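A quick note: this is a predicted structure, and the numbers were derived from the prediction, not measured. Residue numbers start from 1 in every chain, and the chains themselves are labelled A, B, ... in the order their sequence lines are given, proteins ahead of strands.
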Number of protein chains: 2
Amino acid sequence: MNLDETDLKLLRLLQVDATISNKELAHRLHKSIAAIHERVKKLKAKGYIKKVVAILDRQKIGMGLISFSQVFLKAHTAEVLNQFEHDVAKFPEVMECYQMAGSYDFMLRIATKDMEAYHEFLRHKLAVLPQVNTVQTYFVLSETKSETLYPI
Amino acid sequence: MNLDETDLKLLRLLQVDATISNKELAHRLHKSIAAIHERVKKLKAKGYIKKVVAILDRQKIGMGLISFSQVFLKAHTAEVLNQFEHDVAKFPEVMECYQMAGSYDFMLRIATKDMEAYHEFLRHKLAVLPQVNTVQTYFVLSETKSETLYPI
DNA sequence: ATTGAAAAGAGGTACTA
DNA sequence: TAGTACCTCTTTTCAAT
(Lines give C-alpha, C1' and ligand atoms only; values in the text may rest on other atoms or scores of the structure.)
Protein backbone atom coordinates (compact mmCIF):
# COMPACT_ATOMS: atom_id res chain seq x y z
CA MET A 1 0.00 0.00 0.00
CA ASN A 2 1.33 3.39 -1.00
CA LEU A 3 0.31 6.34 1.10
CA ASP A 4 -0.57 9.41 -0.94
CA GLU A 5 -0.64 12.96 0.32
CA THR A 6 -4.27 12.62 1.48
CA ASP A 7 -3.43 9.55 3.56
CA LEU A 8 -0.51 11.36 5.16
CA LYS A 9 -2.67 14.35 5.97
CA LEU A 10 -5.24 12.06 7.56
CA LEU A 11 -2.58 10.35 9.66
CA ARG A 12 -1.16 13.69 10.75
CA LEU A 13 -4.56 14.95 11.83
CA LEU A 14 -5.58 11.74 13.60
CA GLN A 15 -2.29 11.58 15.49
CA VAL A 16 -3.17 14.93 17.04
CA ASP A 17 -6.88 14.35 17.58
CA ALA A 18 -8.60 11.09 16.77
CA THR A 19 -12.02 12.43 17.71
CA ILE A 20 -12.29 14.59 14.59
CA SER A 21 -15.39 13.39 12.71
CA ASN A 22 -15.25 12.09 9.17
CA LYS A 23 -17.40 15.03 8.19
CA GLU A 24 -14.81 17.48 9.50
CA LEU A 25 -11.94 15.52 7.93
CA ALA A 26 -13.77 15.50 4.60
CA HIS A 27 -14.26 19.25 4.83
CA ARG A 28 -10.59 19.93 5.62
CA LEU A 29 -9.20 17.65 2.91
CA HIS A 30 -11.77 18.60 0.27
CA LYS A 31 -13.06 15.06 -0.14
CA SER A 32 -16.39 13.36 0.37
CA ILE A 33 -17.29 11.74 3.67
CA ALA A 34 -17.41 8.34 1.98
CA ALA A 35 -13.91 8.74 0.59
CA ILE A 36 -12.54 9.65 4.03
CA HIS A 37 -14.41 6.81 5.63
CA GLU A 38 -12.97 4.35 3.13
CA ARG A 39 -9.42 5.62 3.59
CA VAL A 40 -9.50 5.60 7.40
CA LYS A 41 -10.98 2.10 7.36
CA LYS A 42 -8.11 0.94 5.17
CA LEU A 43 -5.47 2.67 7.27
CA LYS A 44 -6.81 0.79 10.28
CA ALA A 45 -7.25 -2.53 8.48
CA LYS A 46 -3.72 -2.42 7.05
CA GLY A 47 -2.27 -1.59 10.46
CA TYR A 48 -1.00 1.93 9.78
CA ILE A 49 -3.26 3.04 12.61
CA LYS A 50 -2.57 0.55 15.40
CA LYS A 51 -5.03 1.88 17.92
CA VAL A 52 -6.86 4.91 19.24
CA VAL A 53 -6.16 5.71 22.88
CA ALA A 54 -6.82 8.29 25.58
CA ILE A 55 -3.72 10.15 26.77
CA LEU A 56 -3.90 11.01 30.46
CA ASP A 57 -2.34 13.83 32.43
CA ARG A 58 0.51 12.16 34.24
CA GLN A 59 0.57 14.50 37.24
CA LYS A 60 -3.20 14.50 37.71
CA ILE A 61 -3.38 10.71 37.89
CA GLY A 62 -0.55 10.58 40.38
CA MET A 63 2.25 9.18 38.23
CA GLY A 64 4.77 11.53 39.75
CA LEU A 65 8.04 9.88 38.77
CA ILE A 66 9.52 9.00 35.40
CA SER A 67 12.88 7.31 35.25
CA PHE A 68 15.14 5.89 32.59
CA SER A 69 17.03 2.72 33.39
CA GLN A 70 19.98 1.40 31.44
CA VAL A 71 20.15 -2.34 31.91
CA PHE A 72 23.22 -4.52 31.44
CA LEU A 73 22.62 -8.24 31.05
CA LYS A 74 24.81 -11.09 32.22
CA ALA A 75 24.89 -12.81 28.86
CA HIS A 76 23.83 -12.08 25.30
CA THR A 77 22.53 -15.37 24.02
CA ALA A 78 19.23 -15.29 22.16
CA GLU A 79 17.62 -17.12 25.05
CA VAL A 80 18.69 -14.60 27.69
CA LEU A 81 17.66 -11.66 25.51
CA ASN A 82 14.26 -13.14 24.70
CA GLN A 83 13.58 -14.10 28.29
CA PHE A 84 14.47 -10.63 29.53
CA GLU A 85 12.27 -8.96 26.92
CA HIS A 86 9.43 -11.29 27.78
CA ASP A 87 9.72 -10.75 31.53
CA VAL A 88 10.17 -7.01 31.45
CA ALA A 89 7.28 -6.42 29.05
CA LYS A 90 4.93 -7.80 31.69
CA PHE A 91 5.74 -5.05 34.21
CA PRO A 92 3.13 -2.30 33.86
CA GLU A 93 5.65 0.23 35.26
CA VAL A 94 7.82 -0.31 32.17
CA MET A 95 6.15 1.81 29.52
CA GLU A 96 8.95 1.51 26.98
CA CYS A 97 11.69 -1.05 26.49
CA TYR A 98 14.34 -0.84 23.77
CA GLN A 99 17.31 -3.00 22.96
CA MET A 100 20.19 -0.63 22.34
CA ALA A 101 23.29 -0.43 20.23
CA GLY A 102 26.34 0.67 22.13
CA SER A 103 27.54 0.34 25.65
CA TYR A 104 24.49 -1.00 27.45
CA ASP A 105 21.86 -3.53 26.50
CA PHE A 106 18.39 -2.15 27.23
CA MET A 107 16.82 1.20 27.92
CA LEU A 108 13.62 1.31 29.96
CA ARG A 109 11.24 4.17 30.58
CA ILE A 110 9.55 3.55 33.90
CA ALA A 111 6.52 5.31 35.40
CA THR A 112 5.81 5.11 39.13
CA LYS A 113 3.88 7.09 41.70
CA ASP A 114 6.97 8.27 43.55
CA MET A 115 10.49 7.32 44.54
CA GLU A 116 9.25 4.77 47.04
CA ALA A 117 7.23 2.98 44.37
CA TYR A 118 10.25 3.04 42.08
CA HIS A 119 12.38 1.53 44.82
CA GLU A 120 9.84 -1.26 45.30
CA PHE A 121 9.79 -1.90 41.58
CA LEU A 122 13.58 -2.06 41.36
CA ARG A 123 14.10 -4.29 44.37
CA HIS A 124 11.28 -6.73 43.87
CA LYS A 125 10.73 -6.83 40.14
CA LEU A 126 13.56 -5.57 37.94
CA ALA A 127 16.69 -6.43 39.92
CA VAL A 128 15.26 -9.84 40.69
CA LEU A 129 15.28 -10.93 37.04
CA PRO A 130 18.03 -13.55 36.65
CA GLN A 131 19.27 -12.12 33.34
CA VAL A 132 20.03 -8.70 34.79
CA ASN A 133 23.60 -7.85 35.68
CA THR A 134 23.42 -4.14 36.57
CA VAL A 135 20.89 -1.32 36.34
CA GLN A 136 21.76 2.35 36.09
CA THR A 137 18.83 4.70 36.59
CA TYR A 138 18.38 8.39 35.80
CA PHE A 139 15.45 10.30 37.21
CA VAL A 140 13.37 12.92 35.46
CA LEU A 141 13.22 16.35 37.06
CA SER A 142 10.72 17.82 34.65
CA GLU A 143 8.95 16.91 31.45
CA THR A 144 9.39 19.47 28.68
CA LYS A 145 7.76 17.55 25.85
CA SER A 146 5.95 14.24 25.65
CA GLU A 147 4.47 13.44 22.27
CA THR A 148 2.96 10.42 20.55
CA LEU A 149 2.97 12.19 17.19
CA TYR A 150 5.50 10.88 14.65
CA PRO A 151 6.90 13.54 12.31
CA ILE A 152 5.55 12.23 9.00
CA MET B 1 -11.90 16.13 42.10
CA ASN B 2 -11.56 12.71 43.64
CA LEU B 3 -11.44 9.76 41.31
CA ASP B 4 -13.50 6.83 42.50
CA GLU B 5 -13.12 3.23 41.36
CA THR B 6 -15.49 3.77 38.41
CA ASP B 7 -13.42 6.71 37.14
CA LEU B 8 -10.24 4.67 37.41
CA LYS B 9 -11.81 1.78 35.52
CA LEU B 10 -12.93 4.17 32.81
CA LEU B 11 -9.45 5.66 32.52
CA ARG B 12 -7.88 2.21 32.35
CA LEU B 13 -10.22 1.11 29.59
CA LEU B 14 -9.91 4.32 27.56
CA GLN B 15 -6.12 4.25 27.79
CA VAL B 16 -6.21 0.92 25.97
CA ASP B 17 -8.99 1.69 23.49
CA ALA B 18 -10.70 5.04 23.28
CA THR B 19 -13.12 3.86 20.59
CA ILE B 20 -15.17 1.77 23.02
CA SER B 21 -18.70 3.17 22.88
CA ASN B 22 -20.44 4.59 25.94
CA LYS B 23 -22.96 1.80 25.58
CA GLU B 24 -20.24 -0.82 25.92
CA LEU B 25 -18.58 1.06 28.80
CA ALA B 26 -21.94 1.32 30.56
CA HIS B 27 -22.46 -2.40 30.14
CA ARG B 28 -19.03 -3.29 31.51
CA LEU B 29 -19.21 -0.98 34.51
CA HIS B 30 -22.88 -1.66 35.27
CA LYS B 31 -23.95 1.95 34.86
CA SER B 32 -26.30 3.80 32.53
CA ILE B 33 -25.09 5.30 29.27
CA ALA B 34 -25.82 8.81 30.49
CA ALA B 35 -23.82 8.28 33.69
CA ILE B 36 -20.80 7.11 31.68
CA HIS B 37 -21.21 9.99 29.30
CA GLU B 38 -21.26 12.46 32.17
CA ARG B 39 -18.16 10.97 33.80
CA VAL B 40 -16.11 10.87 30.61
CA LYS B 41 -17.12 14.44 29.84
CA LYS B 42 -15.90 15.51 33.27
CA LEU B 43 -12.65 13.58 32.99
CA LYS B 44 -11.97 15.45 29.77
CA ALA B 45 -13.10 18.84 31.07
CA LYS B 46 -10.97 18.54 34.20
CA GLY B 47 -7.95 17.53 32.16
CA TYR B 48 -7.50 13.95 33.38
CA ILE B 49 -7.92 12.89 29.77
CA LYS B 50 -5.67 15.29 27.86
CA LYS B 51 -6.49 14.05 24.38
CA VAL B 52 -7.53 11.10 22.25
CA VAL B 53 -5.04 10.19 19.55
CA ALA B 54 -4.32 7.61 16.87
CA ILE B 55 -1.17 5.56 17.50
CA LEU B 56 0.61 4.67 14.27
CA ASP B 57 2.80 1.73 13.38
CA ARG B 58 6.28 3.20 13.44
CA GLN B 59 7.81 0.83 10.89
CA LYS B 60 4.89 1.06 8.45
CA ILE B 61 5.05 4.85 8.29
CA GLY B 62 8.79 4.77 7.72
CA MET B 63 10.06 6.01 11.08
CA GLY B 64 12.87 3.50 11.07
CA LEU B 65 15.18 4.95 13.69
CA ILE B 66 14.65 5.81 17.33
CA SER B 67 17.51 7.30 19.29
CA PHE B 68 18.09 8.62 22.76
CA SER B 69 20.30 11.65 23.15
CA GLN B 70 21.82 12.82 26.39
CA VAL B 71 22.44 16.54 26.15
CA PHE B 72 24.91 18.54 28.21
CA LEU B 73 24.42 22.30 28.28
CA LYS B 74 27.08 25.00 28.50
CA ALA B 75 25.43 26.76 31.42
CA HIS B 76 22.60 26.16 33.86
CA THR B 77 21.03 29.54 34.31
CA ALA B 78 17.25 29.69 34.14
CA GLU B 79 17.53 31.57 30.87
CA VAL B 80 19.68 28.94 29.15
CA LEU B 81 17.47 26.11 30.40
CA ASN B 82 14.26 27.82 29.30
CA GLN B 83 15.65 28.74 25.92
CA PHE B 84 16.87 25.20 25.27
CA GLU B 85 13.51 23.71 26.29
CA HIS B 86 11.70 26.18 24.09
CA ASP B 87 13.90 25.57 21.06
CA VAL B 88 14.04 21.80 21.30
CA ALA B 89 10.28 21.43 21.78
CA LYS B 90 9.79 22.90 18.32
CA PHE B 91 11.67 20.08 16.58
CA PRO B 92 9.12 17.49 15.42
CA GLU B 93 11.84 14.80 15.55
CA VAL B 94 12.05 15.25 19.33
CA MET B 95 9.10 13.27 20.64
CA GLU B 96 10.12 13.46 24.28
CA CYS B 97 12.32 15.86 26.21
CA TYR B 98 13.10 15.55 29.91
CA GLN B 99 15.30 17.53 32.21
CA MET B 100 17.25 15.00 34.24
CA ALA B 101 18.73 14.64 37.67
CA GLY B 102 22.27 13.33 37.66
CA SER B 103 25.18 13.52 35.33
CA TYR B 104 23.66 15.03 32.20
CA ASP B 105 21.06 17.72 31.66
CA PHE B 106 18.45 16.53 29.18
CA MET B 107 17.29 13.28 27.70
CA LEU B 108 15.65 13.33 24.27
CA ARG B 109 13.82 10.59 22.42
CA ILE B 110 14.20 11.27 18.72
CA ALA B 111 12.36 9.67 15.80
CA THR B 112 13.75 9.85 12.27
CA LYS B 113 13.38 7.94 9.03
CA ASP B 114 16.91 6.56 9.10
CA MET B 115 20.47 7.28 10.16
CA GLU B 116 20.90 9.85 7.42
CA ALA B 117 17.88 11.81 8.63
CA TYR B 118 19.21 11.61 12.18
CA HIS B 119 22.54 12.92 11.02
CA GLU B 120 20.83 15.86 9.30
CA PHE B 121 18.84 16.57 12.43
CA LEU B 122 21.91 16.51 14.65
CA ARG B 123 24.09 18.65 12.42
CA HIS B 124 21.58 21.26 11.37
CA LYS B 125 19.14 21.44 14.24
CA LEU B 126 20.27 20.05 17.59
CA ALA B 127 24.03 20.70 17.60
CA VAL B 128 23.44 24.18 16.24
CA LEU B 129 21.57 25.32 19.35
CA PRO B 130 23.82 27.79 21.19
CA GLN B 131 23.02 26.34 24.64
CA VAL B 132 24.26 22.86 23.74
CA ASN B 133 27.68 21.77 24.88
CA THR B 134 27.79 18.06 23.96
CA VAL B 135 25.36 15.40 22.78
CA GLN B 136 25.75 11.69 23.38
CA THR B 137 23.41 9.52 21.36
CA TYR B 138 22.38 5.88 21.73
CA PHE B 139 20.53 4.12 18.94
CA VAL B 140 17.69 1.65 19.28
CA LEU B 141 18.21 -1.79 17.78
CA SER B 142 14.71 -3.06 18.46
CA GLU B 143 11.58 -2.00 20.24
CA THR B 144 10.33 -4.52 22.78
CA LYS B 145 7.57 -2.48 24.33
CA SER B 146 6.11 0.93 23.57
CA GLU B 147 3.10 1.89 25.66
CA THR B 148 1.08 5.02 26.35
CA LEU B 149 -0.81 3.32 29.18
CA TYR B 150 0.02 4.50 32.69
CA PRO B 151 -0.23 1.82 35.39
CA ILE B 152 -3.07 3.27 37.45
C1' DA C 1 -24.64 11.68 40.41
C1' DT C 2 -27.82 8.83 37.96
C1' DT C 3 -31.70 7.61 35.10
C1' DG C 4 -34.63 6.95 30.78
C1' DA C 5 -36.07 8.75 26.71
C1' DA C 6 -35.97 11.99 22.81
C1' DA C 7 -33.32 14.63 19.41
C1' DA C 8 -29.23 15.35 16.81
C1' DG C 9 -25.36 13.66 14.73
C1' DA C 10 -22.01 10.27 13.08
C1' DG C 11 -20.88 5.69 11.32
C1' DG C 12 -21.62 2.05 8.09
C1' DT C 13 -23.50 -0.23 3.68
C1' DA C 14 -25.19 -0.64 -0.94
C1' DC C 15 -25.59 1.02 -5.12
C1' DT C 16 -24.21 4.32 -8.83
C1' DA C 17 -21.14 6.29 -11.99
C1' DT D 1 -11.99 5.12 -6.66
C1' DA D 2 -15.41 8.58 -5.36
C1' DG D 3 -20.25 10.08 -4.59
C1' DT D 4 -25.31 9.67 -3.00
C1' DA D 5 -28.93 7.77 -0.42
C1' DC D 6 -30.39 5.25 3.24
C1' DC D 7 -30.37 2.88 7.61
C1' DT D 8 -28.36 2.03 12.06
C1' DC D 9 -25.96 3.12 16.02
C1' DT D 10 -24.00 6.48 19.14
C1' DT D 11 -23.62 10.72 21.27
C1' DT D 12 -25.74 14.46 23.47
C1' DT D 13 -29.26 16.84 25.86
C1' DC D 14 -32.97 17.31 29.18
C1' DA D 15 -36.28 16.87 32.98
C1' DA D 16 -36.54 14.51 37.05
C1' DT D 17 -34.82 11.94 41.02
In this structure, how many angstroms lie between the [atom2] atom of [N] and the [atom1] atom of [X], rounded?
X       : N      : atom1 : atom2 : value
B:Ile36 : C:dG4  : CD1   : P     : 13 Å
B:Leu25 : D:dT10 : CG    : P     : 11 Å
B:His27 : D:dT10 : NE2   : P     : 13 Å
B:His30 : C:dT2  : NE2   : P     : 14 Å
B:Leu14 : D:dT11 : CG    : C1'   : 14 Å
A:Glu38 : C:dC15 : CD    : P     : 15 Å

Closest approach to the side chain of [X], judged atom by atom: which nucleotide of [options] is it?
X       : options               : value
B:Ser32 : D:dT1, C:dT2, C:dG11  : C:dT2
A:His37 : D:dT12, C:dG12, C:dG4 : C:dG12
B:Ile33 : C:dT3, C:dA1, D:dT11  : D:dT11
B:Ser21 : D:dG3, D:dT10, C:dG12 : D:dT10
B:Asn22 : D:dT11, C:dT3, C:dG12 : D:dT11
A:Lys31 : D:dT1, D:dT12, D:dA2  : D:dA2

With a sphere of 6.0 Å drawn around NZ of A:Lys23, does it hold more than 12 non-hydrogen atoms of other residues, nucleotides or ligands?
no
If you count the non-hydrogen atoms of other residues, nucleotides and ligands that lie under 6.0 Å from NZ in B:Lys50, is the total more than 12?
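It does: B:Lys50 NZ has more than 12 such atoms within range.
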Using a cut-off of 4.0 Å on non-hydrogen atoms, how would the nucleic acid contact of A:Ala35 be classed: base, sugar-phosphate, or nothing?
sugar-phosphate
Is any side-chain heavy atom of A:Asp4 closer than 4.5 Å to a side-chain heavy atom of A:Arg39?
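The answer is yes; the side chains approach within 4.5 Å.
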Establish, yes or no, whether a centroid distance under 6.0 Å links the rings of A:Phe121 and A:Phe91.
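When the ring centroids of A:Phe121 and A:Phe91 are compared, they turn out to be within the sub-6.0 Å range.
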Phosphate OP1/OP2 of D:dT1: any A:Arg39 side-chain N/O under 4.0 Å
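It does not, given that no N or O in the side chain of A:Arg39 lies less than 4.0 Å from OP1 or OP2 of D:dT1.
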Measure across A:Tyr104 and A:Phe106 and return the closest heavy-atom pair with its distance rounded to 0.1 Å.
CD1-O, 3.4 Å
Nearest-nucleotide comparison on DNA chain C, the residue closer to the 5′ end among A:Lys41 and A:Lys23
A:Lys23
